[in-house]
Visitor: 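A single structure is presented below for examination.
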Amino acid sequence: MILQNFKATENEFFKVPTLELARNLLGCLLVKDTDEGVAAGYIVETEAYIGPGDRAAHSYGGRRTKRTEIMFHDAGLAYTYQMHTHCLVNVVSGKIDAPEAVLIRAIEPYHGIELMKKRRKMEDLRNLTNGPGKLTKALGISMEDYGRSFAEPPLLIADGFVPDDCVVERGKRIGIENTGEARDYPWRFWIKGNPYVSRRLKR
DNA sequence: GTCTAGATGGCCT
DNA sequence: GGCCATCTAGACA
């Protein structure tokens, strides 16, 4: 199995401030192993959601419910949730009882591309994983992954490339128009010019 | 129990 | 740019 070729990121990797983690996750490999095979891609776009003070976060105001519970736990766990017809995936960050997370918005297909195409029912490489709902479907990430660790199979965040000659850009988050001042926080990070960064040019 | 909005995506005009 | 599928957490009664 090819999975052993991927080295899981050490737990310590996740124990940095959330904005830093959102930045550091760029270039890492996101891997999912299933009965159908292994699929993986480089993370090229993320967004930070920072706990009680962030109106756009599900954990705004310290809201601790069945859904947000996992965000109060250790960094490096998976927070998955259903959005309309899709499942979105976050990396829990922050210390215990600090409900913070990083949304993975886009990846660049790297491994298991045929499997991803099959799952997405399309051939277009560019549209396979360039959005938070698309990448979960392509990788086979679902609500079953809620609470799983990103440091052990079947779900992994592994060392990827170091985006040395890649410029990281930073800007407003997407799709949170009705969240007051939080709307304008520059907590979205992406690799400049990468063709797999999501595009939803709404204001 | 009932109601509503939503960290989206795909198809339509 | 508009519409809507599809569904659940969360709020309120």
Visitor: Specify the separation, in whole Å, of atom CE of A:Met83 and atom P of C:dA9.
Guide: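 The distance from CE of A:Met83 to P of C:dA9 comes to 14 Å, rounded to the nearest Å.
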
Visitor: Does A:Arg119 reach the main-chain N or O of A:Leu139 with its side chain, forming a donor-acceptor pair under 3.5 Å?
Guide: yes

Visitor: What integer distance in Å separates A:Met71:CE from B:dA7:C1'?
Guide: 10 Å

Visitor: For nucleotides C:dC4 and B:dT4, find the distance between their C1' atoms and express it as a whole number of Å.
Guide: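 Each nucleotide's C1' atom is 16 Å from the other's.
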
Visitor: Tell me if a side-chain donor or acceptor on A:Thr18 pairs with a main-chain N or O of A:Ala48 at a distance below 3.5 Å.
Guide: no

Visitor: Measuring from the side chain of A:Arg120 (C-beta onward, heavy atoms only), which nucleotide among C:dA9, B:dG9, B:dT8 has the closest atom?
Guide: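 The listed nucleotide nearest to A:Arg120's side chain is B:dG9.
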
Visitor: Starting from P on B:dT8, measure out to CD on A:Gln82 and report it in whole angstrom.
Guide: 13 Å

Visitor: Where the side chain of A:Thr85 is defined as all heavy atoms beyond and including C-beta, which of C:dA9, B:dG9, C:dT6 is the nearest nucleotide?
Guide: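 The answer is C:dT6, which lies nearest to the side chain.
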
Visitor: Of all the nucleotides listed (C:dG10, C:dA5, B:dA7), which has the minimum atom distance to the side chain of A:His84?
Guide: C:dA5

Visitor: Expressed as a whole number of angstroms, how long is the span from A:His86:NE2 to B:dC11:C1'?
Guide: 12 Å

Visitor: Answer yes if the ring centres of A:Tyr81 and A:His58 are under 6.0 angstrom apart, and no otherwise.
Guide: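 Yes, the ring of A:Tyr81 comes within the 6.0 Å limit of the ring of A:His58, centre to centre.
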
Visitor: Within this structure, what is the OH-to-P distance between A:Tyr146 and C:dT8, rounded to whole angstrom?
Guide: 15 Å

Visitor: Considering only C:dA9, C:dA11, B:dT8, which nucleotide approaches the side chain of A:Arg63 most closely?
Guide: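 Of C:dA9, C:dA11, B:dT8, C:dA11 is nearest to the side chain of A:Arg63.
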
Visitor: Does NZ or CZ of A:Arg64 come closer than 6.0 Å to the centre of the six-membered ring of A:Phe72, within 45° of the ring's axis?
Guide: yes

Visitor: For B:dG10, take OP1 and OP2 only and decide whether either is under 4.0 Å from a side-chain N or O of A:Lys134.
Guide: yes

Visitor: Side chain of A:Met122, heavy atoms from C-beta onward: which of B:dA7, B:dG10, B:dG9 has the nearest atom to it?
Guide: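 The answer is B:dG10, which lies nearest to the side chain.
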
Visitor: Quick check, does A:Tyr81 stack with C:dA9? I mean ring centres under 5.5 Å and planes off by under 30°.
Guide: no

Visitor: Between C:dG10, B:dA7, B:dT8, which nucleotide has the shortest distance from any of its atoms to the side chain of A:Ile176?
Guide: B:dA7

Visitor: Measure the distance from OH on A:Tyr60 to C1' on C:dG10 and round it to the nearest whole Å.
Guide: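 Between C1' of C:dG10 and OH of A:Tyr60: 16 Å.
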
Visitor: Going by atom types alone, do A:Trp187 and A:Glu47 pair a side-chain donor with an acceptor below 3.5 Å?
Guide: no

Visitor: Looking only at side-chain atoms of A:Pro132, point me to the closest of C:dG10, B:dG9, B:dG6.
Guide: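 Comparing C:dG10, B:dG9, B:dG6 against the side chain of A:Pro132, the answer is B:dG9.
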
Visitor: Quick one: label A:Thr68 by what it contacts on the DNA or RNA (base, sugar-phosphate, nothing), any heavy atom closer than 4.0 Å.
Guide: sugar-phosphate

Visitor: Which residue lies toward the 5' end of DNA chain B, A:Asn127 or A:Asn178, if each is placed at its nearest nucleotide?
Guide: A:Asn178

Visitor: Quick one: label A:Leu88 by what it contacts on the DNA or RNA (base, sugar-phosphate, nothing), any heavy atom closer than 4.0 Å.
Guide: sugar-phosphate

Visitor: If B:dA7 has a Watson-Crick or G-U wobble mate with both distances under 3.5 Å, name it; if not, just say none.
Guide: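 Pairing partner, where one exists within any strand: none, as none qualifies.
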
Visitor: Starting at atom CZ of A:Arg67, determine the distance to atom C1' of B:dT4, rounded to an integer number of angstrom.
Guide: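 Answer to the nearest Å: 13 Å.
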
Visitor: Provide, to the nearest angstrom, the distance between the CD atom belonging to A:Glu123 and the P atom belonging to B:dG10.
Guide: 15 Å

Visitor: I'd like to know if A:His58 reaches the base of C:dA9 with its side chain, counting only an N/O donor and acceptor under 3.5 Å.
Guide: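 No such pair is found, so the answer is no.
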
Visitor: Would you say A:Ser198's side chain and A:Gly131's backbone share a donor-acceptor pair under 3.5 angstrom?
Guide: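 Not confirmed, A:Ser198 side chain does not pair with A:Gly131 backbone.
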
